[in-house]
K.L.:
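My questions will all concern the structure given below.
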Amino acid sequence: MKSLKNFHFFEDWMQRYEYMIELGKSLPLIDEEYKTDNHIIKGCQSKVWIHAALEKEQVNFTADSDAIITKGIIAILIRVFSNQRPKAILEANTEFIDKIGLKEHLSPTRANGLASMIKQIKMYAVAFQTQLN
Amino acid sequence: MIDVNKIRSDFPILSRKVNGQDLVYFDNAATSQTPTQVIDVIIDYYSRLNSNIHRGVHKLSQEATEAYEIARIKIQKHFNAAKPYEIILTSGTTEGINLIASGYSNLLKPKDELIISAMEHHSNIVPWQMLCEKTGAYLKVIPMTLEGTLNMKAFGELLNKKTKLVFINHVSNALGTVNPIVEIINKAHANDAYVLIDGAQACPHIKPDLQALDVDFYVTSAHKLCGPTGVGMLYGKAELLKLLPPYQGGGEMISTVTFEKTTYADLPHKFEAGTPNIAGVIAFGAALDYMNDIGFDSIAKYENELLNYATDSLQKIDGMKIYGEAHNKTAVISFNVGKIHPYDLGSILDQLGIAVRTGHHCAQPIMDFFEIPGTVRASFSFYNTFEEIDRFIAGVDKAAGMLQ
């Protein structure tokens, strides 16, 4: 899994949020044609769409949200999970969320959104793993 | 006159820190905070009186029953109901609405009509939809204007001889609009329809006189007026409540039980099955005492000053759009800044120790009407200060700078 060590340097919440907002702008955006209810993640206060494609046995994620901070959160997840083999995504543990201090900055309602995003990413991996078997 | 420093010292939670900063609590429309005077009553109940009511011959049960029934009378007097037994103690506004909806499922006929408004909370939409599905009645909706007020001309046109019930909130939770309930009640009565008013958002700011209003049913929750959660009241005119069947079966609500037939208890016990939230009801009474000691005229005047100050200050922020611009509104401001998502703005404000509500406020039809995903809602109470509003305005400004 890729390093997210940048996050450790942010003592100040504002820097952390500003970094997340910047990350959100770098998010590989989902094609408009996939921005449908089928690709919406439930459990978020804002709208979140995630799509995945398998290329050379690796999963590529694209996503979008109508909220900027949420976009930053998905961007982090996609940095971690994109360009990985489905098996690696399935086996990945998600402790990094605690480690980079994301969870402590997310209220339970928002954390539910985060959990739903990870669940959706893993669901895609399950589907692609089945295809590969 | 409000002595806000003295009042604030009654609320222990107001001195806590959130994210390292002094809490600014502007989510009062979701729930109000609780003063020591009310907290102490709950502690006293469990320390001195705790027992089951209405049944025990022993001293504790008698004292607890007395305290519980005194609270009912306080609620009756506060709302100026004619009789104590017209006050049904519930778990809150939602239960009160469901109790009436359930009762009318036996009294409505197919093609009867019910009227609600376009600015209702989901809890005053869904039970009536369920009632319509059960009975074959139709649900009609009073449309809203762009200022966030009800189109009263349209209401007049919706009323007809088939209209049986009208359900309106006294104050909109998402917009703060105070609805013209006197006119609504009078027009509905002229058409022989009954009216239920959802007072959850009104009661923290307005002291309704139920007999003067001549309203048929009125519901509210204690936790919006400095009382505990999980307690509320349903007022109904005695002659109407008597027509409704019991809501839930159980202890307390019966007169005699045999396996052949059960006869039900009289009002209010017919609707109060099971052991109630005794401490909560007694604390509800204490909360009304607390607010009446301050005085609802003083509360309304002070909150209106807070509202005007906050509205004027917010409007200086670029891209500010306030939803709900009724002339007559409570201390609630629903807004968005430019294209910023309310969730983003609320998250930044939270980091600054400022509690607001974001989202659709359980009133999705209102958000659809304005074609927005939701709003940020700041709602003020008599224990809030002008300095807190300054911090909030600075917070919105800072967040807008970060997010735009």
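The sequence lines fix the lettering, A, B, ..., with proteins before strands; numbering per chain opens at 1. Every value quoted in this text rests on a predicted model; they were computed, and no experiment measured them.
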K.L.:
Tell me, do A:Gln15 and A:Asp12 make a side-chain contact under 4.5 Å, heavy atoms counted?
P.N.:
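Side-chain contact under 4.5 Å: yes.
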K.L.:
With a 4.5 angstrom heavy-atom cut-off, could you sort out which part of B:Lys398 is near chain A: side chain, backbone, both or neither?
P.N.:
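Only the side chain of B:Lys398 comes within 4.5 Å of chain A.
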K.L.:
Identify which part of A:Ile68 has an atom lying under 4.5 Å from any heavy atom of chain B, answering side chain, backbone, both or neither.
P.N.:
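Answer is both: backbone and side chain atoms of A:Ile68 are under 4.5 Å from chain B.
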K.L.:
Ring centroid separation for B:His122 and B:His360, is it under 6.0 angstrom?
P.N.:
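For B:His122 and B:His360, the ring centres are under 6.0 Å apart.
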K.L.:
Taking non-hydrogen atoms and a cut-off under 4.5 angstrom, which of residues 59-66 of chain A neighbour chain B?
P.N.:
A:Asp66
K.L.:
Distance to the ring centre below 6.0 angstrom and angle to the axis at most 45 degrees; does that hold for B:Lys321 and B:Tyr323?
P.N.:
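That pair qualifies as a cation-pi contact.
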K.L.:
How are the rings of B:Tyr383 and B:Phe11 set to each other: parallel, tilted or perpendicular (split at 30° and 60°)?
P.N.:
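Answer is tilted, since the angle falls between 30° and 60°.
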K.L.:
Measure up the B:His341 and B:Tyr343 rings against each other and bin them: parallel (under 30°), tilted (30 to 60°), perpendicular (over 60°).
P.N.:
perpendicular
K.L.:
Using the rule given for side chain to side chain contact (heavy atoms under 4.5 Å, CB included), can you reason through B:Lys224 versus B:Asn28, listing the C-alpha separation, both sets of side-chain angles and the distance that settles it, and then say yes or no?
P.N.:
CA-CA 7 Å; B:Lys224 307 278 190 194; B:Asn28 293 288; over 6 Å; no
K.L.:
Assess the pair B:Phe380 and B:Phe26: is the distance between their ring centroids shorter than 6.0 Å?
P.N.:
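Yes, the ring of B:Phe380 comes within the 6.0 Å limit of the ring of B:Phe26, centre to centre.
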K.L.:
For B:Ile340, is it the side chain, the backbone, both or neither that has a heavy atom under 4.5 Å from a heavy atom of chain A?
P.N.:
neither
